[in-house]
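Here the structure comes first, spelled out in structure tokens, and everything after it is commentary.
Chain letters run A, B, ... following the sequence lines, proteins first and then strands; every chain starts at 1. Note: hydrogens, waters and symmetry copies are ignored here, and every other heavy atom, side chains too, is used.
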Amino acid sequence: MEIASKYNPAEVEEKWYKYWMDNNYFHSEPDEREPYTVVIPPPNVTGVLHMGHMLNNTIQDILVRRARMTGKNACWVPGTDHASIATEAKVVNKLNAEGVDKYDLSRKEFLEHAWDWTHKHGGIILEQLKKLGASCDWERTAFTMDEVRSESVIKVFVDLFNKGLVYRGVRMVNWDPSAKTALSDEEVIHKEIKSKLYYLKYRLAPLNPPEGGEKNPSYKTARKSEYELLKKNAKRLRRFSTEAESALWEMVRANNLGDKFRRQHIINNIIVDFVCLSKKLVIEVDGGYHNNPEIEELDKLKTNILNELGYKVIRFTNEEVLTSMDTVLQSIRDALVSPPTGEPEGAFITIATTRPETILGDTAVCINPADERFSHLKGKRVLVPLINRSIPIIEDAYVDMEFGTGCLKITPAHDIHDYEIGMKHNLPSIDIFNDDGTLSDKAGMYVGEDRFDVREKIVKELEAAGNLEKIEDYTNKVGYSERTDVVIEPKLSAQWFLKMDELVKPALENVMNDNIQFHPAKFKNTYKHWMGNIKDWCISRQLWWGHQIPVYYLPDGTFVAAETAEQALELAKEKTGNSSLTADDLTQDEDALDTWFSSWLWPISVFDGIRDPENREVNYYYPSSDLVTAPDIIFFWVARMIIAGYEFRNELPFKNVYFTGMVRDEQRRKMSKSLGNSPDPLDLIEKYGADGVRVGMLLCSPAGGDLLFDEGLPQQGAGFSTKIWNAFRLVKNWEVSSEIEQPEHSKQAIEWFRNKLGEVVETLDSQFANFKISEALMTVYTTVRDEFSGWLLEMVKPPYQKPIDAKTYADVVDLFDQVLRLMHPFMPFITEEIWQLLSEREEGESIMISQIPKVKKYDSELLATFDDVKEAVSGVRKIRKEKNIAFKDAIELSVQKGDKGFDETFNSVIIKLGNISKLTLVNEEVKGAASFRVKSTNFYIPLDGFIDVEEELKKLNEELKYTKGFLISVQKKLSNERFVNNAPEAVVAKEKAKQADAEAKIKVLEERIASMK
RNA sequence: GGGACAUUAACUCAGUUGGUUUAGAGUGUUACCUUGACAGGGUAGAAGUCACUGGUUCGAAUCCAGUAUGUCCCA
């Protein structure tokens, strides 16, 4: 048969995948064998394969294929997730592009569009997995919104509702203003961003604000009882104003100076002569009666009070006004330009915020009761800048005295901590945002404008009004929506919650006691921490694409939960005692359930174990064996599946969880669409073959560690394919002769490799048992490349253009077959291709359903002996290289045994691989020869008396120096009495053996050096 | 701010209850080889104060404490 000189992955992979499918090898049915079950982490139904999927599914396929080859009934269930928020966002965008607004459609119409979209783009990712070689049981493909899964979700909701674990509550939730839905805490990504810290000045409000909530408190600020009196007084003063006052009034009235002034205006309980409210400027004109110490004192007091209220006060005498009006007006103009600057301390307090737009929702300012800097402010009030709402200064130990200015503004509607403080202090809550993140009419300003536009605008306005003290650069963490990547707005809303505190108990316990094992185990800590601090799960989403919450509201506002509308009606009748209720009287809750509320049932629901808990399949396949997933969904998914497992089946959902790393680029950046740093997995498969990519992905992906991907990896994988292919070509192209005897070296080589394989099988078993998949691949890789190709094939290779004996050939084919089986889980395609070509196969046979070699006894002493042989061959090669002796020129080799002796079992191998013309055993050292040592055995290669003595001596001395150094380190240990007395006997014995070996070698070296001199 | 994990060769990582030669692998690198399956090859070599400072111990990459740096999680 003609064998292609170059391996062609594309052709081979397509051929064998079809063959496996045609023979239904991936399909599993319950039988008497031990089951091995894996459920796929369901990818987004409309998604496409990315590098993370590649890694994840390669690992799953390796585990599944290996389990299948060890005689287990392997079942890998594939499927997809409806990805509520992501898919809905895509559909909304698509509709928008067509000029259709979601809210112009009915729920039913929208869902039709969503299903169209799902059918059009759905399942592509599963087809891509086939290219990778995934051996999923495609007949079992499930979808989180198909009939079985949907009914399971609804059943579970009703069940939890009836158990009293689901409740409806008004809570502060994470609001996604783009998707216009609530999110769970887990769907919020905190990102560190560079932002600004704005220092805002809040002016102290006059004390005792009037009752009744007048629109602008700064107008009428006196107590109501006093106010009427003051008002009369002011009126009187206006009527009897002095000449100077009248003159000045003529100049400032009617916006003559650009700002509106009032005269004889009441502020707090003071009547001032003139005031510009917008610039907070008070002008006092001293009448004749002011030249009086008592009055002067009173004026000072008045000024202080006004200053505290944030007013600037300037005074003129009657003379000044009457004689130099120009100067007076200029002073007033100057004061108007920068009125707040002269403000005395204590007239305001400064708070620091990153979100200046939220001041419109402020309902208090908070200080720490222990903060002496602000003790004079206790019980006072301040005015919210721009809108001049009077709010109280409250005290709470929550405030960090070190942070910012030590004063905190409280916006209960828009910050979770503020919300809690608000509850505690009974503060009103003003929600200034609409659902889409624009400002609501409650904000009073910027209504309908976007929150981020408003931030820019309000800062300018605050600055103009003199409320902005400074802006500092600041780095803080901001929550973003995992799906839509917009900034999350904390928002108070009515949502459905699942009580978690009881549910988590078995889930936590069974991970901590290793009934469920995490690989690597460090994720137990993360898990424990989360479980210990768990909050109730917000399971409602204001979305349509998903499972609609099966809660039905009655006309009186109460509700029932039921699997169907009919059952709901029955329940409602029962509940109300009103048998005349009809279906039209009930309204189903508009919200959908969180996507994870369906995926947490996945290991059960794929076998229909929720609807039909005792069916044969779920009883056979559940619990599943291993789960392979990325660590970023440990809370979203893994933890909740464990919770669901114990709650709904009273059993763990899987025995092992293998956490893969994140796939990153060479610069450690996460691979993402937006960065464009992610290669298309399908391009890679086309270029390097699925086997090459699988090997490349795994070569450097320790469990839990990140994988730094670059194209060198699949290239190396493809190189490995070539290597095996060429090994196969070599073997297959040998001419076999039954005439010739099996040479001794071939016999020895095969004996050695049989034992070697025993060791390899054992190593692989333990590596798989510990989920060291990468290491297992490395074991296979070096076995094939070094042991099989580099040593075995070199040893049995017949001379050029000579045939090979039939015995050796048959043995090599058998060993090759075993190696291929060990490789198959990693590289399914090329191993199948070679396996099919290696021997005659019947129709319907396949390596994928063959048995993997089992652990057998092997002779580890023989392996150790062979390691010495390898060293001896290396020694010959090294000397050949140094002395520039071509391999085709045969050389002689003499062996002088040392104290320990040298095992001669493999001498024929040394002869063959060293191209030795004659191997002699000697008792004396050989003069004029190049030498090397393995342990205490001397090897000599006579060089017709031509040898560089200097060079040889130099090398011998180096070797001697190293060995002596080593001996000293061993002796140091042994001469330490405390070591000899305290260390275990075996350790001491080992050290003594080391010492003996080293001493023997030194003796040999010294003799050799002496004889050369 | 709280916590977890990490730090070993140029890079990515192993290193099991402390004792496996004077710490290993893969990649890379250097030199050489090449009409013999394989230049996507072969052979050989170089490369590390095991982050730092102390401590425990007969003995520390390994255990403990602290420091530094980094990554992740939570708030």
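Between A:Lys772 and B:rG15, a side-chain N or O to OP1/OP2 separation shorter than 4.0 Å is present. A sub-4.0 Å separation between OP1 or OP2 of B:rA44 and a side-chain N or O of A:Ser874 is present. Within the structure, a side-chain polar atom (N or O) of A:Lys797 is placed less than 4.0 Å from OP1 or OP2 of B:rA37. Between A:Tyr781 and B:rU27 there is a side-chain N or O to OP1 or OP2 distance below 4.0 Å.
Going from atom CD1 of A:Ile773 over to atom C1' of B:rC13 covers 16 Å, rounded to whole Å. Protein atom CD1 of A:Ile189 is 12 Å distant from nucleotide atom P of B:rC72, rounded to whole Å. In this structure, NZ of A:Lys687 is placed 15 Å from P of B:rG40, rounded to the nearest angstrom. Note: CD1 (A:Ile634) to C1' (B:rC72) measures 12 Å, nearest angstrom. As rounded to whole Å, 16 Å separates atom C1' of B:rU27 from atom CG of A:Leu698. In this structure, A:Leu777 places its CG atom 20 Å from P of B:rU12, rounding to the nearest Å. Rounding to whole angstrom units, CG of residue A:Leu793 and P of B:rG36 are separated by 17 Å. Look at CH2 on A:Trp734: it is 13 Å from C1' on B:rC38, rounded to the nearest Å.
Here A:Leu730 pairs with A:Trp734, A:Leu793, A:Lys797 under the side-chain contact (heavy atoms from CB on, under 4.5 Å) rule; sequence neighbours left out. Not counting sequence neighbours, the partners of A:Asp371 by the side-chain contact (heavy atoms from CB on, under 4.5 Å) test are A:Asn368, A:Arg373, A:Phe374, A:Met401. Every side-chain contact (heavy atoms from CB on, under 4.5 Å) that A:Ser195 has, sequence neighbours left out, goes to A:Ile193, A:Thr354, A:Tyr474, A:Asn476. Partners of A:His529 according to the ring-ring contact (aromatic ring centres under 6.0 Å, His included) rule, which considers only residues two or more places apart in sequence or in another chain, do not exist here. The salt bridge (Lys or Arg N to Asp or Glu O under 4.0 Å) test applied to A:Asp786 returns no partner, not counting sequence neighbours. Annotation: ring-ring contact (aromatic ring centres under 6.0 Å, His included) contacts of A:Trp537 (sequence neighbours excluded): A:Phe597, A:Trp600. Residues meeting the side-chain contact (heavy atoms from CB on, under 4.5 Å) test with A:Ala749, sequence neighbours left out: A:Leu792, A:Met795, A:Val796. Every salt bridge (Lys or Arg N to Asp or Glu O under 4.0 Å) that A:Lys687 has, sequence neighbours left out, goes to A:Glu711.
Within the 4.0 angstrom heavy-atom criterion, no nucleotide atom of any strand lies near A:Gln767. Base contact: A:Lys6 has a heavy atom under 4.0 Å from a base atom. At the heavy-atom level, A:Glu775 lies under 4.0 Å from the strands shown only through sugar-phosphate atoms.
Spacing between B:rU53 and B:rA61 at atom P, rounded to whole Å, works out to 13 Å. B:rA31 and B:rA68 are spaced 44 Å apart, taking the P atom of each and rounding to whole Å. A gap of 15 Å separates the P atoms of B:rG15 and B:rA25, to the nearest Å. Comparing the same atom, C1', in B:rC52 and in B:rU7 gives a spacing of 11 Å after rounding to whole Å. Spacing between B:rC11 and B:rU16 at atom P, rounded to whole Å, works out to 23 Å. Comparing B:rG28 with B:rG41, their P atoms sit 8 Å apart, to the nearest whole Å. Between B:rU30 and B:rC58, the distance separating the two P atoms is 49 Å to the nearest Å. Nucleotides B:rU49 and B:rC5 place their C1' atoms 25 Å apart, quoted to the nearest Å.
Pairing for B:rG41 goes to B:rC33, judged as Watson-Crick or G-U wobble with the two contacts each under 3.5 Å. Nucleotide B:rG59 has no partner under the Watson-Crick or G-U criteria, as no pair reaches both atom distances under 3.5 Å. Look at B:rA23: it lacks any Watson-Crick or wobble partner with both distances under 3.5 angstrom. The partner of B:rG70 is B:rC5, judged by Watson-Crick or G-U wobble contacts that both fall below 3.5 Å.
One distance of note links NZ of A:Lys870 with CD1 of A:Ile910; it measures 13.0 Å at 0.5 Å rounding.
Taking the six-membered ring for Trp and thresholds of 30 and 60 degrees, A:Trp791 and A:Phe866 have ring planes more than 60 degrees apart, a perpendicular arrangement. Classified by interplanar angle (parallel below 30°, tilted 30° to 60°, perpendicular above 60°), the ring pair A:Trp530/A:Phe635 is parallel. Under the 30°/60° scheme for interplanar angles, the aromatic rings of A:Phe518 and A:Tyr527 are found to stand perpendicular.
Residues from residues 714-726 of chain A lying near RNA chain B, meaning a heavy-atom separation below 4.0 Å, are A:Gln716, A:Ala718, A:Gly719, A:Thr722, A:Lys723, A:Asn726 in numerical order.
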Atom pairs, N/O to N/O, protein against nucleotides 73-75 of chain B, distance under 3.5 Å?
{"residue": "B:rC74", "atom": "N4", "partner": "A:Lys477", "partner atom": "NZ", "Å": "3.4"}

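Between the side chain of A:Lys802 and the base of B:rG36, no donor-acceptor pair under 3.5 Å is found.
Legend: salt bridge (charged side-chain N to carboxylate O under 4.0 Å, His left out) pairs involving residues 415-424 of chain A, not counting sequence neighbours, sorted by first then second residue: A:Asp396-A:Lys424.
Between A:Phe659 and A:Phe523, a ring centre-to-centre spacing shorter than 6.0 Å is recorded.
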Sugar-phosphate or base contact per nucleotide [nucleotides 18-25 of chain B; S, B, -; heavy atom under 4.0 Å]: -B-BB---
